[in-house]
Amino acid sequence: ANPRVGFTDLTLDLELADVDLGEAIWQRASALAEQVEVVGNAGYELTLTMPKSFSLAALSGDPARMDDWFALMQDAADHALARLMAEAGFCSTGHRGDGQDVTVMPADGWAGFTATEISSRAGDPHLHVHCTVPNVLVGRDGLVRTMADGGRELHVNAPRFAAWGQAYAVREALARGLVTSAEFDVETFQWKVGGFDPRTLDLFSKARRSVQDEAADGDDASAVSAWTRSGRDRAAKRRITGAKSGDQPTWTQLRERCRAEATAEGIDLDGERDRIVTANWPQPPTWTDPQWAWAIEGAVCANSATTSRAKVLAHVDLASALLPASERERITAQVLGGAFARSHPSHDRGMKDGGHQFASRSVLRMENELTEMFVGGRGVIAGGLRDEAVGSAADRFAVRSGFTLNSEQVYAAYAMGQSRDVITLVSGVAGSGKTSVFDSILWALSGQLPRFTGRNSQAISLNSPSASARVAIT
């Protein structure tokens, strides 16, 4: 017992059943909690979630292997937590300022709690493990401290926690004979097992559909950052998803419920689970180095021009789950060097290299192309569109859409169509009609010019242009 926690005078009968032993400890902990004022962050919770196909494979498979699936999820969570705490589980001493800096203190011990659940709040099959890590570490000097830097390293490496857990579960599910094959889906950047139809996966994803519908209802179609979009999705989930009741189904009950739902929809769960499908895309073991760079860069920077080293490594860890460790290390180095450029250190987060910031080289190339067009594109077009061409385009747009351009929109359309410059900037607040101007002028451009190039800033998604602009390229 640790005298700092106050359990020295607690006598426990180790012959008690688990539930009675837990109740005795909980009563003492509750009494102590009333005497302590919580300061700062008490702890952190992470959730290890598997793709829907794994949950369906488990619940529809051999019921005698239920314990094997629970053991797999527990082992995956233990593996991911151990690797996470190896990165984030350290203390610090001293203080920053006055020419001083903190000193990292390695930790000798940490504690965590896990709970494996088999269903979602909507009652669908959903294998996941809740992992709780108290903000308490035992330093090498024997003193109990909180995590260094406010637990920032844990936040930075959270994507790797998810990747480590899923990659481990994929490897072990194959090794333990729980599944016969696994396929990596490059569109979702997740592993999937069996041959479940998209319709089947959707049937057992009720909560996800409800959240998507709720988020779509409040979407005004305006361009937003990935951070804002994530916040909207979380808000929609809070509005739609209620708390779990205490009456949760057992493995057998959930299995029977799933089979009944599938039968009602004419779905053969056994047939789909055991079906061997041919992947529609090359699998990671066959990827060339350029393909690795393209796949990881596209997945990591889908909504942002910049990212962290931890996020890049998380995607590599997951996609390379079935490759030898030495090959994963080689691919990681190749991807970091080939697809990303190191951002200025002032943008780094945390105390280790997981928070080092990188920028997409593809986005940097796009920025350079646009800059060159700005510099060299003044007055290079021989002649703009005739007045009648722009006017006709505006009229056709009005007929097609039912909206007539106002005077400012018409002025912008003429400015774009008659300009001799490669680039014309149109500025306006949200809802002012910029897209309508672009639509109308494209009618004229498509009929008058042999070729025109469109650049969609939403696709480039430069959420942090200042960060990428200060990248040092060697």
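When reading the values below, keep in mind they use all heavy atoms of this one structure, side chains included, and skip hydrogens, waters and symmetry mates. This structure is a prediction, so every number in the text was calculated from the model and none was measured.
In this structure, Lys192 contributes its side chain and Lys52 its backbone to no donor-acceptor pair below 3.5 Å. A donor-acceptor pair under 3.5 Å is formed between the side chain of Arg273 and the backbone N or O of Ser60. The main-chain N or O of Trp191 is found under 3.5 Å from a side-chain atom of Gln166 such that the two form a donor-acceptor pair. Although no hydrogens or angles enter the test, the distance criterion places a donor-acceptor pair under 3.5 Å between the side chain of Ser53 and the main chain of Val193. With Arg349 contributing its side chain and Ser308 its backbone, the two residues share no donor-acceptor pair below 3.5 Å. Counting only distance, with no hydrogens or angles, the side chain of Gln190 and the backbone of Asp185 share no donor-acceptor pair below 3.5 Å. Proximity of a side-chain donor or acceptor of His126 to a complementary backbone N or O of Asp124 within less than 3.5 Å is not detected. Remark: the backbone N or O of Gly355 is not paired with any side-chain donor or acceptor of Arg309 at under 3.5 angstrom. Counting only distance, with no hydrogens or angles, the side chain of Glu153 and the backbone of Lys352 share a donor-acceptor pair below 3.5 Å. Side chain of Thr47 to backbone of Thr49: no donor-acceptor contact under 3.5 angstrom is found.
Within 6.0 Å of CH2 in Trp294 there are 12 or fewer heavy atoms belonging to other residues, nucleotides or ligands. Counting heavy-atom neighbours within 6.0 Å of Lys311 NZ, excluding the residue itself, gives a total of 12 or less.
When side chains are defined from C-beta on, Arg255 does not count as touching Met66, because their heavy atoms never get closer than 4.5 Å. Side-chain contact between Leu336 and Val316 is absent, with no heavy atoms from C-beta onward closer than 4.5 Å. Considering only heavy atoms from C-beta on, Leu322 comes within 4.5 Å of Leu174 through its side chain. At a threshold of 4.5 Å between non-hydrogen side-chain atoms, the residues Leu81 and Thr114 count as touching. Put simply, the side chain of Phe204 does not reach to within 4.5 Å of the side chain of Ser55, judged on heavy atoms. Contact annotation: the side chain of Leu313 never approaches that of Arg328 to less than 4.5 Å [non-hydrogen atoms, C-beta and beyond]. Within the 4.5 Å cutoff, the side chain of Gln248 has no heavy atoms near those of the Ile118 side chain. Between Leu318 and Val170 the shortest side-chain heavy-atom distance does not fall below 4.5 Å.
Residues Ala339 and Glu297 share a closest heavy-atom pair of O-OE2, 3.3 Å. The two residues Ala295 and Phe189 come nearest to each other via the heavy atoms O-CE1, 3.8 Å. When every heavy atom of Gly89 is checked against every heavy atom of Ala107, the shortest pair comes out as O-CB, 3.4 Å. The two residues Val129 and Ala77 come nearest to each other via the heavy atoms CG1-CB, 3.7 Å. The heavy-atom pair separating Val363 from Ala305 by the smallest distance is CG1-CB, 3.7 Å. The two atoms that bring Cys131 and Phe161 nearest to each other are SG-CZ, 3.9 Å, heavy atoms only.
To the nearest 0.5 Å, atom CD of residue Glu261 and atom OG1 of residue Thr200 are 11.5 Å apart. Note that CG of Leu56 and CE of Met50 are 12.5 Å apart. Values are rounded to the nearest 0.5 Å. Taking CE of Met85 as the start and CG of Asn157 as the end, the distance is 11.0 Å to the nearest 0.5 Å. Here Arg257 contributes atom CZ and Ser119 contributes atom OG; the two are 7.5 Å apart, rounded to the nearest 0.5 Å. We find the CZ-SG distance between Arg361 and Cys301 to be 12.0 Å, quoted to the nearest 0.5 Å. Atom CG of Asp348 is separated from atom CZ of Phe358 by 8.5 Å, given to the nearest 0.5 angstrom.
The pair Arg275-Asp197 meets the salt-bridge criterion, with a side-chain N (NZ, NE, NH1 or NH2) lying under 4.0 Å from an Asp/Glu carboxylate O. Between Arg259 and Asp270 there is a salt bridge, since a side-chain N of the basic residue sits under 4.0 Å from a carboxylate O of the acidic one.
Phe90 is linked by a ring pair (Phe, Tyr, Trp, His ring centres under 6.0 Å) to nothing, counting only residues two or more places apart in sequence or in another chain. The ring pair (Phe, Tyr, Trp, His ring centres under 6.0 Å) test applied to Trp292 returns Trp287, not counting sequence neighbours. With sequence neighbours excluded, the residues forming a salt bridge (Lys or Arg N to Asp or Glu O under 4.0 Å) with Arg152 are Asp149, listed by chain and number. The ring pair (Phe, Tyr, Trp, His ring centres under 6.0 Å) search around His155 returns Tyr44, not counting sequence neighbours. Partners of Arg176 by salt bridge (Lys or Arg N to Asp or Glu O under 4.0 Å), not counting sequence neighbours, listed by chain and number: Asp75, Glu172. Judged as a ring pair (Phe, Tyr, Trp, His ring centres under 6.0 Å), and not counting sequence neighbours, Phe196 has no contacts.
Ring planes of Trp251 and Phe70: tilted class, angle from 30 to 60°.
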Q. Under the side-chain contact (heavy atoms from CB on, under 4.5 Å) criterion, do Thr93 and Leu143 qualify, and how do the steps go?
A. CA-CA 11 Å; Thr93 61; Leu143 298 179; over 6 Å; no
**Q.** CA sep, side-chain torsions, deciding dist, call: Met147, Leu137, side-chain contact (heavy atoms from CB on, under 4.5 Å)
**A.** CA-CA 7 Å; Met147 293 186 191; Leu137 298 173; 3.7 Å; yes
Q. Stepwise, does the side-chain contact (heavy atoms from CB on, under 4.5 Å) test hold for Leu72 with Leu127?
A. CA-CA 11 Å; Leu72 172 70; Leu127 279 177; over 6 Å; no
Q: Go through Val437 and Lys434 one step at a time and tell me if the side-chain contact (heavy atoms from CB on, under 4.5 Å) criterion holds.
A: CA-CA 5 Å; Val437 174; Lys434 298 184 297 298; 5.6 Å; no
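A side-chain donor from one of Arg365 and Ser362 sits under 3.5 Å from a side-chain acceptor of the other. Glu372 and Asn368 form no side-chain donor-acceptor contact under 3.5 Å, judged by distance and modelled atom types alone. Side-chain polar atoms of Glu45 and His130 form a donor-acceptor pair below 3.5 angstrom. Side-chain contact annotation: Glu327 with Ser320, donor-acceptor N/O pair under 3.5 Å absent.
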